[in-house]
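Before any comments, here is the structure.
As a basis for the values below, the full set of heavy atoms in this structure was taken, side chains included, without hydrogen atoms, waters or symmetry mates.
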Amino acid sequence: MAIKRIFEKHNTKARTCLNCGAPIGDHILKDNKPYTCQSCGQVHFVDIYGHRVALTKKEAEEFRRRHKATMEEKRIAELEEQLAAAQKSAKEWEDAAEGLARCIEDMKEKEMAAGHGGGKK
């Protein structure tokens, strides 16, 4: 039982189910589209690279080149989300620190004013 088949686009004999061997797909296969075998129900992914077609069983999706790129893109997106969250958190901490610094300066000014005002009496 095969899990992947690579063949030339014009090779219509190779457009068969990897599970039962029945013909799959339309006359023209489309890139990155799942096709279901009408005979046994096996789902296949089609990836087209130039003049070649890669047919992969859904259960073996990790063997798709596109799948690897997609996984890398997902990981990059996750990292970008984490970076954005960290930057937002850092900005919030920075704003809080600035607020605290202003509060401390205000307290110092009030102490100084109170100290100078109390010494004049």
Donor-acceptor pair, distance only, cut-off 3.5 Å: does the side chain of [X] make one with the backbone of [Y]?
X   : Y   : result
D47 : A54 : no
Y35 : K30 : yes
H44 : L18 : yes

> Just wondering, do C37 and C20 contact through their side chains at under 4.5 Å, heavy atoms?
Replying inline: yes
Straight-line distance of [X] [atom1] to [Y] [atom2], nearest 0.5 Å:
X   : Y   : atom1 : atom2 : result
Q87 : E92 : CD    : CD    : 12.5 Å
S39 : I24 : OG    : CD1   : 11.5 Å
T12 : F7  : OG1   : CZ    : 9.5 Å
Y49 : I6  : OH    : CD1   : 8.5 Å

> So if you build clusters from Ile, Leu, Val, Met, Phe, Trp, Tyr with side-chain heavy-atom gaps below 4.5 Å, do I48 and F45 land together?
Replying inline: no
>> Which residues end up grouped with W93 if you chain together Ile, Leu, Val, Met, Phe, Trp and Tyr wherever their side-chain heavy atoms are less than 4.5 Å apart?
In response: none
> Who pairs with E81 by side chain to side chain donor-acceptor pair (under 3.5 Å), at least two apart in sequence or on another chain?
Replying inline: none
>> Among residues at least two apart in sequence or on other chains, which ones pass side chain to side chain donor-acceptor pair (under 3.5 Å) with E59?
In response: Q42
>> Whether the T56 and R5 side chains hold a donor-acceptor pair (N or O, under 3.5 Å, no angle test) is what I'd like checked.
In response: no
> For T36, what residues pass the side-chain contact (heavy atoms from CB on, under 4.5 Å) criterion, not counting sequence neighbours?
Replying inline: V43
>> Looking at every non-hydrogen atom in both residues, tell me the closest pair between L55 and T16 and how far apart they are.
In response: CD2-O, 3.4 Å
> Among all residues two or more places apart in sequence or in another chain, which pass the salt bridge (Lys or Arg N to Asp or Glu O under 4.0 Å) test with E8?
Replying inline: R52
> Does the side chain to side chain contact (heavy atoms under 4.5 Å, CB included) test come out yes or no for V53 and L29, once each step is laid out?
Replying inline: CA-CA 9 Å; V53 176; L29 297 175; 4.1 Å; yes
Donor-acceptor pairs under 3.5 Å, side chain of residues 95-110 to any protein atom, not counting sequence neighbours: which ones?
unit_1 : atom_1 : unit_2 : atom_2 : d
D95    : OD1    : K91    : NZ     : 3.1

